[in-house]
Amino acid sequence: MNTPGEEKTVLNLFTEIAMVEHLLRNRYDKATPAGMTTGQFGVLTHFIRNGKARERMSLLAWAFQDDDAYMAQKVKALADRDMVRTTPVDGADGDLWVDITDDGREAHARALDEIGTEVAQFIEGI
């Protein structure tokens, strides 16, 4: 960025991205589709988007830039509802495999259905 105009353009871009993210998150949190927080929905989305069925919890924490304890809370909440299953990683110091379940895939699809109309209306307004 060499000129004040370029700096203003970048600042405006980041401001718009932050506003869109904030508004979408607020709409999601008010609706709580499938009874999930945005963080829990994000974990399921990670699996769906990447086409993975299994991931190490430590790698999930890294991917979300969460600390291990916070990721463990999200995964536990999903595991308590049978949306994921956890098993110890052999030879790893306390790390767990996290596997998405069919219930997790169904809950993710249900959440998208529940919030889909609102998101479509929101996107139209952008």
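The chain is numbered in sequence order, starting from 1.
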Hey, could you give me the [atom1]/[atom2] distance between [X] and [Y], rounded to the nearest 0.5 Å?
X	Y	atom1	atom2	result
D113	E106	CG	CD	12.0 Å
M36	H108	CE	NE2	7.0 Å
T15	K8	OG1	NZ	11.0 Å
I115	R110	CD1	CZ	14.0 Å
R54	D99	CZ	CG	4.0 Å
L96	K76	CG	NZ	12.5 Å

More than 12 heavy atoms of other residues, nucleotides or ligands under 6.0 Å from [atom1] of [X]: is that the case?
X	atom1	result
D102	CG	no
R105	CZ	yes
D90	CG	no

Does the side chain of [Y] come within less than 4.5 Å of [X]'s, by heavy atoms?
X	Y	value
K74	L60	no
F41	L112	yes
L13	T9	no
M71	V43	yes
T38	L24	no

Discussion item. Are V98 and F64 linked, directly or through intermediate hydrophobic residues, by side-chain heavy-atom contacts shorter than 4.5 Å (ILVMFWY only)?
Written reply: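 The answer is yes; both residues are in one hydrophobic cluster.
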
Worksheet entry | Hphob cluster co-occupancy, I48 + V75, side-chain heavy atoms under 4.5 angstrom |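 In one cluster with I48: V75, yes.
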
Worksheet entry | Identified side-chain contact (heavy atoms from CB on, under 4.5 Å) counterpart of F14 within the set N12, V10, L11 |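 Passing option: V10.
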
Over all heavy atoms of both residues, which pair between [X] and [Y] is shortest? Give the atoms and the distance, please.
X	Y	result
E114	A34	OE1-N, 3.0 Å
A77	Q40	CB-NE2, 3.1 Å
M57	A72	SD-CA, 3.5 Å
D68	A61	OD1-CB, 3.6 Å

Worksheet item: With L23, which residues qualify under side-chain contact (heavy atoms from CB on, under 4.5 Å), at least two apart?
Response: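 With sequence neighbours excluded, L23 shows a side-chain contact (heavy atoms from CB on, under 4.5 Å) to F122, given in chain and number order.
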
Just by modelled atom types, is the [Y] backbone N or O under 3.5 Å from a matching donor or acceptor in the [X] side chain?
X	Y	result
D95	S58	yes
E55	F47	no
R81	G35	yes

Discussion item. One pair to check against side-chain hydrogen bond (donor to acceptor under 3.5 Å, both in side chains): D82 and T101. What are the steps and the verdict?
Written reply: CA-CA 7 Å; D82 296 322; T101 64; over 6 Å; no

